[in-house]
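The shown structure was predicted, so the numbers you read here are calculated from the model rather than taken from an experiment. So that the names make sense, note that chain A is the first sequence line, chain B the second, and so on, each numbered from 1.
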Amino acid sequence: MRAPAAGDQAAREILLSMENVSLSFGGVNAISDVSFDIRKGEICAIIGPNGAGKTSMLNVINGFYTPRQGRITFKGVARAKMRPYEAAERGIARTFQNVALFRGMSALDNIMAGRTLKMKRGLLWQMLRYGPAMAEEVEHRRVAEEIIDFLHIKDIRKVQVGRLPYGLQKRVELGRALAMEPELLLLDEPMAGMNLEEKEDMSRFVLDVNQHFGTTIALIEHDMGVVMDLSDRVVVLDHGVKIADGTPDEVKSDRNVIDAYLGVAH
Amino acid sequence: MLYREAGQYKTSYQADQAVFPLLQDRVGLLVILFVAYVVIPLTGNDFLINAVMTPFLIFSLAAIGLNLLTGYTGLLSLGSGAFMGVGAYACYKLTTYFPDVNIIIWIVASGFVAALVGAIFGLPSLRIKGFYLAIATLAAQFFLEWSFTRVAWLYNHNVSGAIEVPQRTLFGVPITGPNATAETRYLIVLTIVVGMTWVASNIVHGRIGRMWMAVRDMDIAAELMGIRLLPTKLLAFAVSSFYCGVAGAMMVFLWYGGAESTVFSINQSFTILFMIIIGGLGSLLGAYLGAALIFVLPIVLRFVPPKLGIPVHAATVEHITFMIVGALIIFFLIVEPHGLARLWQIGKQKLRVWPFPY
Ligand SMILES: Nc1ncnc2c1ncn2[C@@H]1O[C@H](COP(=O)(O)OP(=O)(O)OP(=O)(O)O)[C@@H](O)[C@H]1O
Ligand SMILES: [Mg+2]
């Protein structure tokens, strides 16, 4: 548990606000009337049983899905519809539940691809790869190398990511998201399928990102130990409905949450 | 351990971001350029220059063009033959209307016309991919081919229905038409192909190349990086068609000396596609290797056995070529999608640690 964050929570500015968001696929309600806020600088965990709508929620936040109803306000701007590239432009980055790296590219190129929006030189300069274009390339290579250092993936920077073990792929994917220097980072089960040591490393990275860069993080995770350790606040979904929202301690002792996790019939 | 990077530490990211970070690679490249620019023109006969090297280079350029689209951006196209045709006809019309402007300028400029046409036919790529996109480009192929035969304006209403390349000069030396020597035409082709390969290599190693590969490997994640899919795909279509267009213009103006629409048929599209499959998808070197194999193989089969006293029939050569190319395509599609270029890399890797197994 991270004591300091809990106290000043109310004082923090709201970064993302979801109001009465609903999403359905055909007849299935993936998300029903869910509202919650994510505040600047916090780590907010979204938890819930399988099929609860967690991934769908991230997909709504970064524009993959357009909600059937509801309002999403990010950095004070409300919107009904937003394309994923617009979300990226406004500072939302994300990793995927099933790693979605650019498999044919090296780890370094994946991270460099995360810098795309920051690079401005157009086709003509790119054709020459000289002068300002090269300077820009080098400048962003430097940032990419900082991320590579931070994640301890120096040895594999030139390896095609498709050939890396799963744990490292997840790390490169985090690196690619960090390269975007996002204000809001959405992590969909960053530790799924990892062994204990890898989980500890990944938890460390997530905390460091949050503390050193001040990045706000929304995290989906099934491992309760990790959730309790990392998050400032927890939002619990079940069958597309929000059943709890509070500090890890509050949520842990919540009747509804215990029922949902123990599978008590509603 | 002749070929290795040991000791070649990069002192700056700039050096490491270079296209050829290894000294051996740079030396090799210089040797190749020396052979191409000096040795071949001085020692090669007309046959080598006109029937082997010039077309090999032109096909390589077209293969680079298709590889930018299919290998780097992951968009399968069966229209490269037609886009080559657009370049050829555009060049023909441009030099007809403005005969005083240097033909080399028109050859390169015709690439822009091809780029525009390519981008227009690339529009469906936002909605459809894979097999369906291939069919859409096939429609482009047939439509353009139809235009090349039916729109008489394109070939200046010649009775033959063919483009006839007029004589054009550079500093008083004929470079197109019947009076241009094979060496002159070869050197022009070589210069254009080398220059455009250099540009292609710069593009694929930079931001735009990474955007293309990102779209190829995982388009949803690419969009999430802020990459807009439609402009990125259209740019790939445009640049790819530019390369094919210039290749087509050179094919007619600097090699054939004249052409009918059948040159730009679906067969041409398939030939180019086979080149990049065998050479290696997503590799510029692969475009050269594929063009060499597919174009040079039949020539070798045709002319080497008779020299050794084995008579072969032209039809037999054709059959053997079909069989070998067919087998290679199946081999590479199944076993090594990255083609000859990948085998070359593996070879280099082995050489790097030689004589040790690891
Ligand atoms: N593209 C889709 N089309 C149809 N139904 C979908 C789609 N995506 C999600 N669903 C449905 O929406 C519901 C919520 O799915 P979601 O993937 O958001 O769950 P989750 O909480 O991320 O689960 P998990 O822990 O297994 O990842 C599920 O019932 C799922 O079947
Ligand atoms: Mg999920």
Side-chain angles (χ1 to χ4, degrees), chain A residues 59 62-64 83-96 99-105 108-130 133-142 144-145 157-158 161-162 173 176-177 179-180 186, chain B residues 5 10 12-21 71-74 115 195-232 234-236 238-239 242-243 280-283 337-338 342 345:
Chain A
N59 284 337
N62 72 5
F64 271 131
R83 299 290 307 155
Y85 65 77
E86 290 167 324
E89 283 164 4
R90 302 208 52 217
I92 303 179
R94 117 153 227 211
T95 67
F96 293 80
V99 179
L101 282 170
F102 308 128
R103 295 180 63 84
M105 298 160 69
L108 175 63
D109 277 346
N110 267 275
I111 293 170
M112 288 291 278
R115 303 292 298 169
T116 300
L117 275 182
K118 311 258 172 207
M119 301 181 79
K120 299 288 176 234
R121 294 291 163 190
L123 181 62
L124 282 178
W125 280 116
Q126 299 289 330
M127 286 166 62
L128 297 176
R129 199 181 164 75
Y130 185 76
M134 196 63 189
E136 184 184 60
E137 188 85 1
V138 168
E139 175 196 330
H140 290 278
R141 170 74 190 269
R142 196 164 286 132
E145 287 293 334
R157 59 153 92 76
K158 299 261 169 104
V161 291
E173 202 188 19
R176 186 182 65 180
M180 295 170 68
L186 312 173
Chain B
E5 59 267 82
K10 304 297 170 302
S12 69
Y13 292 135
Q14 168 139 14
D16 198 41
Q17 291 291 86
V19 174
F20 294 108
Y72 282 92
T73 320
M196 287 178 67
T197 305
W198 176 72
V199 166
S201 153
N202 286 342
I203 294 177
V204 300
H205 282 91
R207 171 177 66 89
I208 291 172
R210 286 190 293 266
M211 286 165 74
W212 285 345
M213 291 186 275
V215 169
R216 170 195 70 190
D217 285 346
M218 186 67 71
D219 54 359
I220 50 165
E223 208 177 354
L224 205 96
M225 309 274 97
I227 296 171
R228 296 175 189 225
L229 297 184
L230 186 60
T232 309
L234 289 187
L235 182 65
V239 176
F242 183 95
Y243 275 70
L281 291 168
S283 157
H338 298 290
R342 176 87 191 114
Q345 258 187 359

Quiz item: What do the steps show when you test B:Ile203 against A:Met127 for side chain to side chain contact (heavy atoms under 4.5 Å, CB included), and what is the final call?
Solution: CA-CA 5 Å; B:Ile203 294 177; A:Met127 286 166 62; 3.7 Å; yes
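- Between A:His140 atom NE2 and B:Arg207 atom CZ the span is 9.5 Å, to the nearest 0.5 Å.
- Heavy atoms of B:Met211 lying under 4.5 Å from chain A belong exclusively to its side chain.
- With a threshold of 4.5 angstrom between heavy atoms, A:Ala87 does not approach chain B through any atom at all.
- Rounding to the nearest 0.5 Å places CD1 of B:Ile208 at 12.5 Å from CZ of A:Arg121.
- The backbone N or O of A:Tyr85 lies less than 3.5 Å from no partner atom in the side chain of B:Arg228, so there is not a single donor-acceptor pair.
- In this structure, chain B has a heavy atom under 4.5 Å from the side chain of A:Lys158, while its backbone stays farther away.
- Without hydrogens or angle criteria, A:Glu137 side chain to B:Gly206 main chain gives no donor-acceptor distance under 3.5 Å.
- With a 4.5 Å cut-off on side-chain heavy atoms, A:Thr116 and B:Arg210 do not count as touching.
- Of the atoms belonging to A:Met112, heavy atoms from both backbone and side chain fall under 4.5 Å from chain B.
- Of the two parts of B:Ala222, the backbone and the side chain both hold a non-hydrogen atom closer than 4.5 Å to a non-hydrogen atom of chain A.
- For the options A:Arg129, A:Arg115, A:Arg83, heavy-atom pairs under 4.5 Å to chain B are most numerous at A:Arg129.
- Looking at B:Met225 and A:Phe102, their side chains come closer than 4.5 Å, going by heavy atoms from C-beta outward.
- Between chain B and the options A:Met105, A:Arg94, A:Arg141, the largest number of non-hydrogen pairs under 4.5 Å is found for A:Arg141.
- The contact between A:Leu108 and chain B is made entirely by side chain atoms (from C-beta outward), counting heavy-atom distances below 4.5 Å.
- The two residues A:Arg176 and B:Ala221 make their nearest non-hydrogen contact at NH2-CB, 3.8 Å.
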Exercise. Assess whether side chain to side chain contact (heavy atoms under 4.5 Å, CB included) is satisfied between A:Leu128 and B:Trp198, documenting all intermediate values.
Key: CA-CA 9 Å; A:Leu128 297 176; B:Trp198 176 72; 4.0 Å; yes
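- Between A:Phe64 and B:Ile220, the shortest heavy-atom distance links the atoms CZ-O, 3.5 Å.
- Most heavy-atom pairs under 4.5 Å with chain A: of the set B:Leu235, B:Val215, B:Leu229, B:Val199, this distinction falls to B:Val199.
- A:Arg103 approaches B:Asp217 most closely through the heavy-atom pair N-OD2, 3.5 Å.
- Contacts between A:Met119 and chain B at a heavy-atom distance below 4.5 Å involve backbone atoms as well as side-chain atoms.
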